[in-house]
Amino acid sequence: MADYLLSLITFFPLMGMMILLFIPRDNEGLLKSFALGVTLVTFLISLPLAFDDVFAVSGGMQYREFHEWISIGSFFKMNYNIGIDGISLWLVMLTTFIMPIATLSTWKAVDKNVKGFMALLLLLETAMLGAFVSLDLFLFYIFWELMLIPMYFMIGIWGGKNRIYAAVKFFIFTAVGSLLMLVAIIYIYYYAASTGAPMEGFGVQEFYRLGIPSAAQHWLFLAFAFSFAIKVPMFPLHTWLPDAHTEAPTAGSVILAAILLKMGTYGYVRFAIPLFPEALQTYLPLLAFLSVFGIIYGSLVAMMQDDVKKLVAYSSVAHLGFVMLGIFALNMQGMAGGIIQMINHGVSTGALFLIVGFIYERRHTRQISEFGGLAHKMPIFATIFLIITFSSIGLPGTNGFVGEFLALVGAFESELRWYAVVATTGVIFAAVYMLWMFQRVMFGKVTNPENEKLKDLSVREIVIMLPLLLFVFWIGIYPNTFLSKMNPAIEQLLNQVKSKQVAVVEPVQPVIAQTLELK
Amino acid sequence: MITVYHYLILSAIIFSIGTFGVLTRKNAIVIFMCIELMLNSVNLTFIALSRHLQNMDGQIFVFFIMTVAAAEAAVGLALMIAFYRNRESIDSDDFNMLKW
Amino acid sequence: MENLGQIAMQNINMAAIMPSVVLSCFGMLLLLVSVFSKRGRTTHVAWMSIVALVVTAAVTVSSWNNPQEGFAGSVVLDNFAIFFSMIFIIAALLTILISDGYLRREGYPVGEYYPLILFCTAGAMWMASGTDLMTIFLGLEVLSVSLYVLAGFFRGDVRSNEAGLKYFFLGAFSTGFLLYGVALLYGVTGSTKIAAIAQHVSEMPAVIDNPMMIAGSVLLLIGFLFKVGAVPFHMWTPDVYQGAPTPVTAFMSAGPKAAALAALLRVAIIGLGSIQADISALFWLLAVLTMIAGNFIALSQTNIKRMLAYSSIAHAGYALVGIVAWNQIGLSAILFYMLVYTFMNIGAFAVLVLAGKKGEENLTLEGFAGFGYKRPFLGVAMCIFLFALMGLPPTAGFAGKFFVFAGAVKAGYIWLAVIGVLNSAVSLYYYLRVIVYMYFRDPKEDFAWVKLEIPAVVSILLAIVGVLALGIVPGPVMELAKLAGF
Amino acid sequence: MYDYLWLIPFFPLVGFVINGLLGKKIRNEAIIGGIATLMIFLSFLVACGNFFTLLKDSEKVHQQVIASWMSIGNLQIDWGFLLDPLSALMIMVVTGVGTLIHLYSIGYMHGETGFYRFFAYLNLFCFSMLMLVLGNNALVMFVGWEGVGLCSYLLIGYYFDKKSAGDAAKKAFVVNRIGDFGFICGLLTLFWALGSKGVWTVNFVEIAENAHLLESGGVVVTVVTLAFFLGATGKSAQIPLFTWLPDAMEGPTPVSALIHAATMVTAGVYMIGRLNGLFAMAPDTMMTIAIVGAATALFAASIGLAQNDIKRVLAYSTVSQLGYMFMAMGVGAFSAGIFHLMTHAFFKACLFLGSGSVIHGMHHAYHKAHLHDDPQDMRNMGGLRKKMPITFITFLVSTIAISGLPFFSGFFSKDEILWWAFAGERGHWMLWLVGAIAAGMTAFYMFRLVFMTFFGEQKTDPRAKDHIPESGLTITLPLMVLGTLAAIGGFWGVPHVLGGIFGHMPNYLENFLAPVFEHTQVLNGIEIKPEMAHSKALEFGMMGVSVGIALVGILGAWFMYIKNPELPGRFVASFTGLWRAVYNKWYIDELYDAVFVNNCKRIGTFLWKGFDVRIVDGIVNGTAWVVKGVGSGLRYTQSGFLHNYAMAMVVGVVVIVGYYIFG
Amino acid sequence: MLSILFYLFATVAVFSAFYVTKSRSPVNSALWLVTTFICLAALYIMLDAPFMAAIQIMVYAGAIMVLIIFVIMLLNLGTAVKKRYTHALVWGGAMSVLMLFVTNFLIRRGVPTGKLGDVTTQTIQSYGHTELIGKAMFTDFLLPFEIASILLLVAIVGAVILSKREV
């Protein structure tokens, strides 16, 4: 059983989808319950992973499965090569954890074509899990692209007014990047083959060991980085995000924010950075700059939004800036911070989208100006919203702080110190835009008569939020649960990177940085 | 002395004239005749080369080209008749339902 | 002279042309059958032609790995030919399955339609298996002439007439160039047999600088490129594809294109291998232009049929990328790609066939609004085919593109691959637009006229199976494609 | 007793959880208030236990680690507590004053909707503040630091249906966040700087032990300490980040007393004291702190002169007093600063609670009379001493204390600060002068407040006049306790000079805090300038001068508000511009709005509408547009005319063949 | 003598070919085309290919041209009313000249280097052209011959289908 656990987890939703297709389309209750059941079972069978102590000990890949998949003589070998380490472990867990929540959130929100939605949801889960567990670039790419399709439909069919533009934009943006990555993937394969290095298909671990020549690394890295940057999204490739988020149905936004965006950051951690350590050195300042710029940018733009969902979407840009900064710090703290921040963002921003969904379901608007004084009418909602808001702001004791802090610690320790200082201003802006939004929505008197009759959260909605709140505090107060298991994996990854960065060229630092340098 | 080149040049000239006709005429039948001209020039090339190379393959080819020309003529003219029945014209400018 | 018959008999190797012979015989039989059939009754002809194709398929496959040469080296049934023959057979099969209902709907239940498809398929087989330019040329003509007829099949419909005429004129025109090329090549090498051409060049390497040789080769290739639909010889494609009866378009976009590629590959790789650098350079440019023209113009189309025509130009461009690569992967990739393309493109057209009203005025984007809701099966099928055409995993379209670009990358044509993938990105837009209309717009019509005819549904299902199976496990077929390479 | 250290923050947390989750169900105010007060009182008891244990213990530093918090690479952070004299003093103040204010709130908040919410927040605040104080490393301190910010936000925004309350809450949090930015930067730079010397730590004890690794007076230390100081200015409302505190008066009065007078706002001072080892190594920073502190003291006092809102006066007074503390820290008078922190906690808490009592009474009266006048406006008060005697007396005592009249608590602490400012190695006579002037102003506006409120004739609306009651016991009891402390609390830190007068009374406080500060002071040569150190006359003289200045201020107030009540009006009339500037807080808020807030909004809008929509999406959509345009352009090559198609083929053939033939 | 004949036929062929493209009336074009065919047939004879000359006359001039003229008559196509496009004329002319230039160049530079076969004039004279053709056709080129039959069948069927009036 354990030998095939990962496959089981990955493909369980797909199997569920197959069965779901045979449920009559009129029986919406059954469809929803079934999808929820499938996602819940997936979560349950993924739980043993989280409790496996092997991750605390070994940084290598666990739960490996290896089968030859496509083997065409001397042309190609693609393998069904999956496994997880302490890094992907948490992303897998995040996925299986968020999916039932997202499913539950559709209960009232999705009323047309429920069957289609549920089927896509399950397909999406398989695709996302597949991408996180793939150790073969080809396999990864397949899952990576497969993710687009369900998401595209989710936005396009169940989305808001401007959904078509958003869906197409989302699709094309993401696909453009990934197509370039495809070329790069092929190139690496042939490069590896030409060196005669021992390789297992497109096995990424074998590629790690490959010393790709610098010149090639540069454009390969750019291809990968571009693709992932779109998905993250990093400034200035982020413009699809607000549109997609705004138009997507709640469950779609939640999944998009909580998991899909992590594909980009995960891609950096798993592929772009360890595969091309030398090229990374060259582009590190640029990428760090973009990350930091994204933080400020996302915050400033979020501040001015009048649509709650758009605001949250732009805040994602800022949050992911921290993730990227942490990752680019290339040290234990930064990397851990980045990964923790990925989970955080999944939890907090996912929760925020759920919250926006709750009020949207009640009022069918997301304009901030339509609200005000909701705290009177919906005290439980207000409390939860408040907690999530502060989690998003990064209040110590909540998850947001741990991630941001670790990322910043890492950045301060690395050469990116000065970027980190600028990034730190992000904590100010986060407070500004989140609290301003919170104030406008929740505080004040109820001015809009339509808000008078608002009902507080139902039991179902509270049940949706509780697990998220649990993790807000769990990660905030005892992140070691997570850190301890990602520690060895990060260490191994960094060793991998550092060992390849032979000739360390110091990135040019501002003069003031040099004076600060200790003698 | 007339060499193979003379024949080849002649055929090239006729080929070009045929092309010219295709490019400039509007009457479908004339266009078709110009295409026949081109095929004929190719035939001449084949036969000249066949003679030059002292090998019959080229002439056999010509034989088949003629067959093909006949077949094409039959089908092409049938198409034109069908078109004419619908549009009362075989002016190539009237082939304008399908564009862009 | 007296032993002429004997010589002839020695040369003959019926095994080498068995598939096409079977097909032709069936074709003739069906002609008779349709002559003696009641007017307007064609279904049995359709079923018989399916039988014919199945039998042919069996005959074809039986020679796998057992190359048969015959007729004094003018034809060979090697793995390459068999692979392509199977593509033609599949294309014909899928086409015939969708044709019957369509012909009746449009008011042309003519039995001769099926034999023509069979002859066309046979012509394609000769193109793929011909080792003599003469065989290839005649195969090409059989194919073309039947297609001229098929394109203009709706003789009462002006657009069909026009499609037939345009195809006919431009086809004949391009034949002129092709023949001129053959003539020049014949002059330079003294033969029209591909092997002999290659041998001559290898004996006299200097010949590759001979303008006649180069011009002949180029003109010859241009003749094939016309059929493939490569820029700038693509102009006929959209008009003809749009005007021709939809199943014919489906067939035309897959079978003959593959046949032309087959001939092109055999001629180029076996006959003209010596001028590989020149050919690659030329095809590099043409591939890029073809992809760009096809994809860019498709963007602004509103008629889905015409849009798919442009998309087929683009796909020809992708296939040419494989030739540019000029390596085993590229070659096998083309084979694989054409097979995949057959499934996905005919599948897409099959959906159009079912969705169209009489006269097909409704095959526009607007006409497809909400189609996916009203006709879920066809909607999903169309989505699968479109995703395949986009080249998204896990459909076969992805595998096909992957292999093609892999070939290019391996050969060092990275920029070509990049341009190729960027073009696929452009293509996403117009394919997605169809989906947008099908699913993201509210239905205007009830699509009550859409009848799920069993044969057409079978065809669509077969195509779906092909698209998905080849996408998820491309290995075995790609392995076959590899064996089919030279 | 040390083992129970963790209980100190734990009790309030329990209170928070109980009231937060169940408060709504409980409904009974007595139980809710009782639980909350009991919890903080229990904390107080444990704190006392720990305090006295520490007093007797020779080992003055004690750490307790509960659990590991974050552990990754060389970063090891624990949930740990640190008890040393400094934190011991602080927990006493926090829990002690906290208990009183909880008690006070039961009466004060009676009948408010969300009563449970208030107590939950109050408990949460105490928890956070205790975490701040007790944290053994900068991160735990930061948890408290942000936690108190959160509670401040929640409590200021307690009346959230008032827009001004929401605004004030947000402003408080955001401005604090600016400070937090400094805190984080300082912390992380320090972590890296020490780390690159081989000591990766955020633990205060280890930082103190290893501070010498850094170059004294070097750039790193200066940058680190300046960054920390930025954090302190945010929390402690110093220039330039003081603007939030006056607005924070939107919160209920007990909140102002607890958070914005006694505890939270002193966190910055505490933090500097906690990191004294580092700060002492950075003379430049110290100087900056002293200057900023002095400037704030003066500046805030000047604004306080003109306010009419009773709480605002106290708010500016708080800012001003905090300036004193910073000045003390800046000149190296750490224990004096902490001393002032403590005495200030007593008298300012008392003042706020007293003002709360007044407001409560006024409110009650207005309520009875169905009026909606502002119960906080001093212009509507006057002559209240008879109506509210206890409030009046305690208020007066505290006012005397803050004015620095001899032998009240404020006198000792303020004079010590001024003495250090004048005579300390890092002092300067200018600092002293500014401090003294500010002291004079303080005396003036505080007595102005007392005179306007309690003396003279009652200016309250006649309809409400007779409804003003003295507050109940839950309110007056804390007042009395605090009033007493304000009066006598100073004797715990009698300066050496005065010690003789009181029978060789030692400076208990200085001795108590010595383990924390002495080492630093010795190491960095922070002491009274030798030439002045032994001049008792000088010290007495200085004391006299400052008392004199205070008296002048009091007399001025008396002159203007009792003797000639029309004088202020005339004064205002003749100096309208100046008065308006002062009344409007020197237009600082407007300045900030114009410079920072509006520009940020403008940039945000530009980035969104200009950059995102126009440029980035413009490029994206533009590319799409171009591609589509090219497509539709190319589309017309497909003219439908046979000629053109044939022509394209011929051109293709000619070009390709020509290229190969000629090329 | 042969040269003179060559130039004579060549000139007439080119001249008449040009008039095919120039004549306003399709019937005239057809007649000019027949002239060209005949000249070419004459040239074939000069190239020792009398059989080809014969079928040139029979197939082209006899069959195809008759078909064409038949269709012209059937459709009753008169003289073209509309003028040709001038720009088509210019561009078409330019491209044709260019093409001529290219082909001319490649023929002048090119060498028909193919291996010489054994079919000399003597062979032709001794065996007879028709026999040689027939021999080649039924041995080496048997398959194309058969394919040609299918082709013709297709053409017939196609022509019948297309020109039928109703279904």
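All chains are named by letter (A, B, ...) in the order of the sequence lines, taking the proteins before the strands, and each is independently numbered beginning at 1.
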Asker: Run the ring-centre check on C:Phe440 versus A:Tyr165 and record whether the distance is less than 6.0 Å.
Answerer: no

Asker: Check whether A:Trp219 gets within reach of chain C through its side chain, its backbone, both or neither, counting any heavy atom under 4.5 Å.
Answerer: side chain

Asker: So what's closer than 4.5 Å to chain A heavy atoms on C:Leu422: side chain, backbone, both or neither?
Answerer: side chain

Asker: Please lay out, stage by stage, how C:Val418 and A:Leu180 fare under the test side chain to side chain contact (heavy atoms under 4.5 Å, CB included).
Answerer: CA-CA 6 Å; C:Val418 169; A:Leu180 291 174; 3.8 Å; yes

Asker: Going by heavy atoms in the side chains, are A:Ile157 and C:Tyr373 under 4.5 Å from each other?
Answerer: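 Yes. Closest side-chain heavy atoms under 4.5 Å.
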
Asker: Top residue by heavy-atom pair count (under 4.5 Å) with chain C, among A:Tyr191, A:Trp158, A:Tyr141, A:Trp144?
Answerer: A:Tyr141

Asker: Count the heavy-atom pairs under 4.5 Å between each of A:Tyr152, A:Trp69, A:Tyr187 and chain C, then report the option with the highest count.
Answerer: A:Tyr152

Asker: Among A:Ile185, A:Leu146, A:Ile149, which residue forms the greatest number of heavy-atom pairs with chain C at distances under 4.5 Å?
Answerer: A:Ile149

Asker: Just verifying a value: how many Å separate C:Met390 CE and A:Ile172 CD1, rounded to the nearest 0.5 Å?
Answerer: 9.0 Å

Asker: I'd like to verify something: which residue of C:Val473, C:Ile472, C:Asn327, C:Val426 has the highest number of heavy-atom pairs under 4.5 Å with chain A?
Answerer: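 Between C:Val473, C:Ile472, C:Asn327, C:Val426, the count favours C:Ile472.
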
Asker: Do C:Val409 and A:Val183 come close enough that some side-chain heavy atom pair is under 4.5 Å?
Answerer: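 They are in side-chain contact.
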
Asker: Less than 4.5 Å to any heavy atom of chain A: does that hold for the side chain of C:Phe398, its backbone, both, or neither?
Answerer: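 Answer is side chain: those atoms of C:Phe398 sit under 4.5 Å from chain A.
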
Asker: Could you tell me which portion of A:Tyr189 (side chain, backbone, both or neither) has an atom closer than 4.5 angstrom to a non-hydrogen atom of chain C?
Answerer: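 Neither part.
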
Asker: With a 4.5 Å limit on heavy-atom distance, are the side chains of A:Leu182 and C:Phe402 in contact?
Answerer: yes

Asker: Hey, does C:Ile435 have a side-chain heavy atom less than 4.5 Å from the side chain of A:Phe171?
Answerer: no

